[in-house]
> 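Just passing along the structure, written as structure tokens.
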Amino acid sequence: GGGVGGGVGEAGDVESLWACLRAQEQSLASLRRAVKACGEEAAALRECLSEAGLLNSSLFLARLHRQRFAAARAAHGFTSEAWLGDVLGLRDLALGIGLCAGPKSLRTAAAASREVSQAVMGVLGAVTENCPQPIFIFGGSDGSRVLGSV
């Protein structure tokens with residue numbers, strides 16, 4: 001047996017534990033490779049679905065975030081009566097985002113939550129009216145020659 005001070009079977013027990021540890025390390029490495037491959041396949045599938053117009057990437061990521069947040073809340077017992085709209089002045093926030101980043105960015109932010117989407121819809125008209133559209137200039141002169149394109 002294995003008492004303090006060294007019994008007959010201790011060397012064999014240690015070798016057995018090392019062999020078990022090496023086998024576990026190999027299994028873990030194999031699982032990591034499999035998980036990585038699954039992640040790569042999922043990313044490629046999402047990209048194909050998005051390119052085919054079958055998946056809205058912003059909506060997908062927003063739903064994935066909600067699921068992960070719900071799982072984290074459940075795992076840690078977090079509960080709250082406050083809503084995002086209670087914490088932030090969503091209308092003002094949406095207006096600020098829209099005026100700084102433009103209507104396209106504002107529409108992307110709308111995917112964050114239902115409340116943000118409602119706030120965006122409330123200010124989108126004002127943002128669109130107050131944000132100038134991009135200007136494209138073709139041709140011109142550099143002072144010594146006429147330029148056909150920019």
Side-chain angles (χ1 to χ4, degrees), residues 1-138 149-150:
V4 178
V8 178
E10 280 187 13
D13 290 345
V14 170
E15 286 302 318
S16 176
L17 286 173
W18 277 113
C20 182
L21 179 62
R22 284 190 293 275
Q24 291 293 325
E25 288 173 338
Q26 289 174 351
S27 294
L28 186 56
S30 177
L31 287 171
R32 285 184 176 141
R33 286 190 300 272
V35 166
K36 182 179 178 187
C38 286
E40 291 167 350
E41 290 174 13
L45 180 59
R46 281 193 311 267
E47 190 174 309
C48 289
L49 291 171
S50 183
E51 287 175 5
L54 300 172
L55 176 70
N56 179 323
S57 294
S58 296
L59 183 59
F60 169 79
L61 292 172
R63 286 189 183 169
L64 180 61
H65 170 74
R66 276 190 220 121
Q67 287 179 347
R68 288 177 175 167
F69 187 70
R73 284 179 38 202
H76 299 285
F78 175 78
T79 59
S80 176
E81 299 299 319
W83 289 86
L84 183 59
D86 298 333
V87 178
L88 301 172
L90 286 182
R91 179 170 165 62
D92 294 338
L93 180 64
L95 186 59
I97 290 171
L99 292 175
C100 291
K104 184 176 180 181
S105 296
L106 190 59
R107 286 187 199 95
T108 301
S113 75
R114 289 179 196 97
E115 288 184 323
V116 172
S117 180
Q118 289 171 352
V120 163
M121 293 307 129
V123 299
L124 189 56
V127 169
T128 302
E129 288 175 18
N130 290 297
C131 284
Q133 296 298 314
I135 298 172
F136 299 94
I137 300 172
F138 299 93
S149 64
V150 177

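We count residues from 1, following the sequence as given.
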> Side chain to side chain contact (heavy atoms under 4.5 Å, CB included) with Arg32: which residues, sequence neighbours excluded?
Leu28
> Can you list the residues that meet the side chain to side chain contact (heavy atoms under 4.5 Å, CB included) rule with Leu21, with sequence neighbours excluded?
Trp18, Glu25
> Among all residues two or more places apart in sequence or in another chain, which pass the side chain to side chain contact (heavy atoms under 4.5 Å, CB included) test with Arg33?
Ala29, Ser30
> Could you tell me whether Arg63 atom CZ has more than 12 heavy atoms of other residues or ligands within 6.0 Å of it?
no
> Are His65 and Leu61 packed together at the side-chain level, in the sense that at least one heavy-atom pair is separated by less than 4.5 angstrom?
no
> Output a table of donor-acceptor pairs, distance under 3.5 Å, between side-chain atoms of residues 35-59 and any protein atom two or more places apart or on a different chain; print 'none' if there are none.
from, atom 1, to, atom 2, distance (Å)
Ser50, OG, Ser57, OG, 3.1
Asn56, OD1, Ser58, N, 3.0
Asn56, OD1, Leu59, N, 3.0

> For residues 96-110, dump all side-chain donor-acceptor pairs below 3.5 Å to protein atoms at least two apart in sequence or in another chain.
from, atom 1, to, atom 2, distance (Å)
Ser105, OG, Ala101, O, 3.4
Thr108, OG1, Lys104, O, 3.2

